[in-house]
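For the numbers below, each heavy atom of this structure counts, side chains included, while hydrogens, waters and symmetry mates do not. The chain is numbered in sequence order, starting from 1.
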Amino acid sequence: MSPAASVPVWSPQEPGVQQICYLLSEYQKPGTNQTQILAQLDECKNIPDFNNYLAFILSQGDTLPVEVRQSAGLLLKNNLKQQYKALPEEYRHYIKLSLLHCIRNPSKALRQTVGTSIAVIVGLGTLKTWPELVPACVQGLEGSDVNALEGSLDALYKICEDVPKQLDEEVPGLQEVPSKVLIPTLLHLFSSLHVEAKCLAIGVANLLAGANPESLAPSLDSYVAGLFASAHDTHSGVRKAVCTGLVQMLHLQPERLAPHMDQIIEYMLESTQDGDEGVALESCEFWTAFCEAQVEPGVLRPFLGRLVPVLLKNMVYDEYDEEVQDAEAAEDADHGDEKDQEIKPFIRRNAAHGEEEEDDDDADEVSRWNMRKCSAAGLDVLSTVFQEEMLPIVTPIVQQRLQEEDWRARESAILALGAIAEGCVMGLIPYLPQLVSMLLPRLEDPRPLVRSISCWALSRYAQWIVERCSDPQQDINAAQLQLDEVLQGLLRHVLDHNKHVQEAACSALATLEEQSIPEQLVPRLKVILDTLAKACATYGRKNLRILYDAISTLAELVGEHLADPNLLRVYMPPLIAKWQSLADSDRDLLPLLECFTAIAPAIGHAFEEFAKPMFGRCISIVTQQLAGQAAAAAGQPTEAEPEREFIICSLDVIAGMAEGLGGSIESLVGQSHLRELLLQCCQDPSPDVRQSAFALVGDLSRVCAPHLQPVMKQLLALAIQNMESHCIILQSMSACNNACWSMGELAIQCSPEVLQPFAAPIVERLLPILAAPMTQMPRSIVENRFTSIQTVLLGPVPTCCML
């Protein structure tokens with residue numbers, strides 16, 4: 001390790017140290033005006049060597065309280081994220097050596113803060129300019145100082161978490177890449193007597209194996225042997241790390257584990273019942289990994305009789321589960337006032353032209369992943385592999401639990417029925433009418449989580465419930481009656497007084513809609529929309545997003561049927577009321593705008609009565625956001641931080657209106673400065689903004705091309721720019737795709753004189769893409785490019801060939 005004496009010539013002024021320490025100390029005291037102190041510390045950022053002072057306090061403030069030194073380190077870490085690359089080299093050098101000096105500090109809290117700061121610096125891509133780091137860490141790993149050992153491992157763990165690829169790049173002064181230098185020492189530490197070091201060493205090796213399997217390849221047998229040797233360690237942290245490593249190996253190289261699979265299954269079965277929840281949860285991931293790794297299922301078959309009951313046991317809610325407490329508390333609570341942290345991040349639904357959307361239904365579950373959900377997921381995937389073989393094991397337990405007085409047992413039984421819905425459906429088909437009939441009364445259970453899980457379980461059988469209504473081998477009248485019973489049951493609980501049940505029922509309704517055909521939905525539209533309109537007036541912010549999604553799904557499925565004036569009067573007034581109640585910068589506006597994006601093309605000219613105010617507000621929002629971005633870029637203050645999602649959703653609404661209104665949108669476009677906004681958006685740094693902007697360009701080309709004529713050349717040039725090779729990457733593929741599609745639409749509307757200068761550049765950009773192997777490019781982007789080239793070279797393509 002670099003000693004304190006090696007810190008370069010920079011020395012702090014004592015008054016400066018005292019002032020900063022005073023502020024950091026005052027911040028810790030209860031009752032202090034922390035906002036004011038943070039403002040003063042923020043002003044200190046204007047001092048050129050402020051970060052050096054923080055590094056000095058962190059690394060050499062031996063007489064100071066640990067809390068003050070840790071606060072200095074955390075502030076340093078945050079500053080480095082924004083300022084590190086702009087710091088003078090001598091300051092960067094001082095900070096790095098100060099961190100290396102402090103990595104051996106006796107305080108674990110300080111070592112962890114140092115490790116985080118080191119990971120930030122490496123994350124900025126500077127490992128090559130920090131040749132001292134890896135040798136210093138190796139020295140810490142191989143030395144006798146336990147503090148240096150744990151501090152080095154902590155820093156390496158955080159680097160591997162954030163930027164593992166950095167450790168596979170050459171660093172000056174090292175004969176091999178860092179990962180190969182570190183692995184032998186890490187594997188040796190698998191047998192360390194220091195528990196914390198052993199946990200971290202296995203954790204670092206696991207991360208390296210996952211991110212850089214090639215670097216571990218020469219030592220793979222030693223790695224697996226080390227995991228086996230540590231499998232029965234008395235420390236739960238070590239066992240948890242072992243389970244993580246084995247699950248990862250099953251994903252990466254299952255053949256390496258195949259000779260030992262019986263013993264591994266036995267170990268994981270035991271660990272899934274471990275008293276430590278962390279160990280149990282990590283080992284429970286094994287069952288899903290096993291099925292996904294496509295290992296010979298026969299290896300696991302003899303264990304199913306013991307495994308499935310364990311998973312079912314783990315699926316019962318814990319008495320003090322936070323989710324239970326929340327749901328029970330919501331029985332009598334007012335759910336109109338929800339906090340921002342309760343609202344999951346907004347994710348747009350729309351895809352690029354010709355692209356399919358990805359399913360992200362379970363994205364919000366990750367943050368609340370627990371043993372119950374992991375066990376249910378394991379049962380789900382096991383059922384897809386072993387199918388009806390699972391039923392003799394599952395059904396007796398489910399039947400017994402459904403009769404129990406304990407609502408948690410009943411709830412877990414319904415969860416199990418939903419989990420096996422996909423895999424065991426062939427074995428369940430003869431009993432599905434009775435199964436659905438059994439689930440329907442559970443919707444009225446006094447316990448909210450039983451009602452909500454019943455909604456979810458019914459949605460898992462939605463495809464069968466719907467298909468049965470048109471199956472000539474079924475009793476059609478009975479099937480229709482049961483569909484109505486399911487629909488009515490879900491609609492009742494869309495209006496449930498408990499927000500958790502509302503969420504489950506509304507999500508289940510959207511799933512039922514997705515599985516239905518328009519002919520099944522149209523006769524039931526009135527009752528569905530009446531319910532959703534009532535819900536719109538009572539739902540909290542979180543559930544409104546699900547409600548908007550249900551309406552959007554309905555619009556996409558039944559289309560023009562929603563244009564019925566009687567139906568319009570049901571669902572549009574509450575949506576417009578919400579729209580009018582939200583400020584232009586309110587993020588709750590985003591999912592509502594997305595809902596209008598689906599409604600506008602579905603109802604066509606029936607949207608005209610809402611078009612003018614909707615169009616005007618979208619133009620205003622885009623204008624405000626672009627002005628805010630320009631002000632922020634110039635360092636000027638803004639009322640609210642600009643967010644590109646408002647631009648994207650507003651452009652999407654206008655695109656939906658263009659599709660639905662056709663040429664009727666011409667008067668709105670002609671009276672606005674939309675052209676100028678599109679020119680800005682088509683060259684926005686964000687590929688998501690460009691994606692929506694080029695989609696709108698293409699839609700407007702079809703319905704009101706004359707209004708684009710004054711900027712036709714600029715739009716063609718911008719579309720061509722998005723065809724550059726550096727744009728054809730995963731992050732901007734959708735923007736590139738829409739640019740290509742819009743280019744074809746523009747070309748159709750161009751005169752030969754306008755198009756001629758662009759013909760050669762267009763072909764030059766597109767031919768290499770057409771020549772690329774199909775596996776390297778999405779189908780939609782290849783088809784759009786073919787259409788564009790054909791349009792440029794041969795003239796307009798028949799409408800039937802358009803995407």
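Separation of atoms CG (Leu311) and CD1 (Ile393) is listed at 10.5 Å; rounding is to 0.5 Å. In this structure, the separation between CG on Leu415 and CD1 on Ile420 is 10.5 Å, given to the nearest 0.5 Å.
Annotation: ring-ring contact (aromatic ring centres under 6.0 Å, His included) contacts involving residues 441-473, sequence neighbours excluded, are absent. Residue pairs meeting the side chain to side chain donor-acceptor pair (under 3.5 Å) criterion with at least one member in residues 424-441, sequence neighbours excluded: Ser437-Gln482.
Every side-chain contact (heavy atoms from CB on, under 4.5 Å) that Ala413 has, sequence neighbours left out, goes to Val398, Arg401, Leu402. In this structure Arg372 satisfies the side chain to side chain donor-acceptor pair (under 3.5 Å) test together with Tyr317, Glu411, sequence neighbours excluded. Residues meeting the ring-ring contact (aromatic ring centres under 6.0 Å, His included) test with His232, sequence neighbours left out: Tyr267. The side-chain contact (heavy atoms from CB on, under 4.5 Å) search around Leu281 returns Trp369, Met371, Cys374, not counting sequence neighbours.
In this structure, Cys469 and Gln520 approach most closely via the heavy-atom pair CB-NE2, 3.6 Å. When all heavy atoms of Arg442 and Met438 are compared, the pair lying nearest together is CG-O, 3.4 Å. Summarising the geometry of Val381 relative to Thr288, their closest heavy-atom pair is CG1-CA, 3.6 Å, with the distance given to 0.1 Å.
Put simply, the side chain of Ser459 never gets that close to the backbone of Ala508: no donor and acceptor are under 3.5 Å apart. Remark: side-chain polar atoms of Thr511 are paired, donor with acceptor, to backbone N or O of Ser507 under 3.5 angstrom. For the pair Glu296 (side chain) and Gly298 (backbone), a donor-acceptor distance under 3.5 Å is present. Checked by atom type and distance alone, the side chain of Gln273 pairs as donor or acceptor with a backbone atom of Leu269 at under 3.5 Å.
Using a 4.0 Å cut-off between charged nitrogen and carboxylate oxygen, Glu328 and Arg447 count as a salt-bridge pair. Using a cut-off of 4.0 Å between Lys/Arg side-chain N and Asp/Glu carboxylate O, Asp168 and Lys180 are scored as not salt-bridged. Under 4.0 Å is where a charged nitrogen must lie from a carboxylate oxygen, and between Asp318 and Arg408 no such pair does. A salt bridge links Glu266 with Arg306: the closest approach of a Lys/Arg side-chain nitrogen to an acidic carboxylate oxygen falls below 4.0 angstrom. Looking at Arg460 and Asp380, a side-chain N of the basic residue comes within less than 4.0 Å of a carboxylate O on the acidic one, giving a salt bridge. Taking the charged nitrogens against the carboxylate oxygens, Lys240 and Asp276 have no contact shorter than 4.0 Å, which rules out a salt bridge. Contact check on Glu444 versus Arg492 returns a salt bridge, with a Lys/Arg side-chain nitrogen under 4.0 Å from an Asp/Glu carboxylate oxygen.
In this structure the side chain of His500 never reaches within 4.5 angstrom of the side chain of Pro448, judged on heavy atoms. The shortest side-chain heavy-atom distance between Glu196 and His235 does not fall under the 4.5 Å cut-off. Counting heavy atoms from C-beta outward, Val204 and Ile159 have side chains that stay 4.5 Å or more apart.
Judged purely by distance below 3.5 Å, without hydrogens or angles, the side chains of Gln502 and Asn543 pair a donor atom with an acceptor atom. Side chains of Glu467 and Gln463: a donor-acceptor N/O pair is present below 3.5 angstrom, by distance only. Using a 3.5 Å distance cut-off with no hydrogens or angles, the side chains of Glu282 and Thr244 do pair a donor with an acceptor.
With respect to Arg451, the side chain to side chain donor-acceptor pair (under 3.5 Å) criterion is satisfied by exactly one of Asp445, Asn498, Asp496: Asp496.
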Derivation of the side-chain hydrogen bond (donor to acceptor under 3.5 Å, both in side chains) call for Trp287 and Ser375: CA-CA 9 Å; Trp287 313 115; Ser375 298; over 6 Å; no
